[in-house]
Amino acid sequence: MTNDEFRAALSRLAAGVVLITAQEPPLDAHGRGEDVGMTATAFMSVSLDPPLVMVSLRNDSRMDDLLAEQPLWAVSVLAESQRHIAGRFAMKGRISDRLLFEDIPYIRGEIAGAPLVGGALATLECRTEQRVLAGDHTLVIGRVLTASLPSADGEPLAYFKGRYRQLG
């Protein structure tokens, strides 16, 4: 089996789309680190008691490196109307650009301090419980510290066969 065959087979599994965010440790005189964001489709619920979720991060990616040091991070479950946000944060090599957050409405999480996207279907704040090396990715398991439903309206953004989709 080739990598392309494997990728094509798994592209037939529809997935929800989330934005994972975290804040780097303070680097500037104002005591604020840079906000970092990454679109993810390899995200799932792991446990109800305790409340755990998991995200898969490419090894040595900016987010993987950050979450190896920063235990607090956030998740915004994106609505179908937010596909532009998913596309923006999926662009390789640009996740460190401060301008990525510039025109996106968000609030800061009370615990993680990471951006929580306005209009998301749900938001979570998490603390890393475990990191598991799995091939060329790291599985980051996080305990959910807060969960909210800022937008009860809207349909979920889905990813299927290499493209963002909507239900229906």
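Since we're looking at a predicted model, the values are computed, not measured.
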Could you tell me whether the side chain of [X] and the main chain of [Y] form a donor-acceptor pair under 3.5 Å?
X	Y	value
Thr21	Pro115	yes
Glu5	Thr2	yes
Gln70	Gln23	yes
Asn59	Thr138	yes
Asp136	Arg58	no

Path from [X] to [Y] over hydrophobic side-chain contacts below 4.5 Å:
X	Y	result
Met63	Leu72	no
Tyr106	Leu100	yes
Leu116	Val36	no
Met44	Val75	no
Leu52	Val77	no

Taking C-beta and beyond as the side chain, do [X] and [Y] meet within less than 4.5 Å on heavy atoms?
X	Y	result
Val18	Leu78	no
Leu67	Arg131	yes
Phe89	Ile104	yes

Indicate the atoms forming the closest heavy-atom contact of [X] with [Y], along with that distance.
X	Y	result
Leu157	Ala79	CB-O, 3.5 Å
Thr146	Val144	O-CG1, 3.4 Å
Pro150	Ala122	CD-CA, 3.9 Å
Val55	Ala40	CG2-CB, 3.9 Å
Leu121	Gly154	CD2-O, 3.9 Å

Under 6.0 Å from the CZ atom of Arg7, do we count more than 12 heavy atoms belonging to anything else shown?
->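 Check fails, neighbour count at 12 or below.
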Tell me, yes or no, whether the heavy-atom count around Leu48 atom CG, taken from other residues, nucleotides or ligands under 6.0 Å, exceeds 12.
->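 Result for CG/Leu48: open.
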Donor on one side chain, acceptor on other, Trp73 and Thr128, under 3.5 Å |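 The answer is yes; a qualifying pair exists.
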Are Thr123 and Ser148 linked by a side-chain donor-acceptor pair shorter than 3.5 Å?
-> yes
I need the [X] [atom1] to [Y] [atom2] distance, nearest 0.5 Å.
X	Y	atom1	atom2	result
Ile141	Cys126	CD1	SG	12.0 Å
Arg143	Leu124	CZ	CG	14.0 Å
Leu139	Gln130	CG	CD	9.0 Å
Ser81	Glu155	OG	CD	10.0 Å
Leu66	Ile20	CG	CD1	11.5 Å
His137	Leu57	NE2	CG	7.5 Å

Would you mind checking if Arg62 and Asp65 are paired as a salt bridge, meaning a charged N to carboxylate O distance below 4.0 Å?
->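 Salt bridge between Asp65 and Arg62, a charged N being under 4.0 Å from a carboxylate O: no.
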Do Glu129 and Arg127 sit within salt-bridge range, that is, some charged N less than 4.0 Å from a carboxylate O?
->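 Counted as a salt bridge, because a side-chain N and a carboxylate O are separated by less than 4.0 Å.
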Could you note down all residue pairs passing salt bridge (charged side-chain N to carboxylate O under 4.0 Å, His left out) where residues 71-86 supplies at least one of them, sequence neighbours left out?
-> Glu80-Arg83
Scan for side chain to side chain donor-acceptor pair (under 3.5 Å) pairs involving residues 157-168, sequence neighbours excluded, and state none if there are none.
-> none
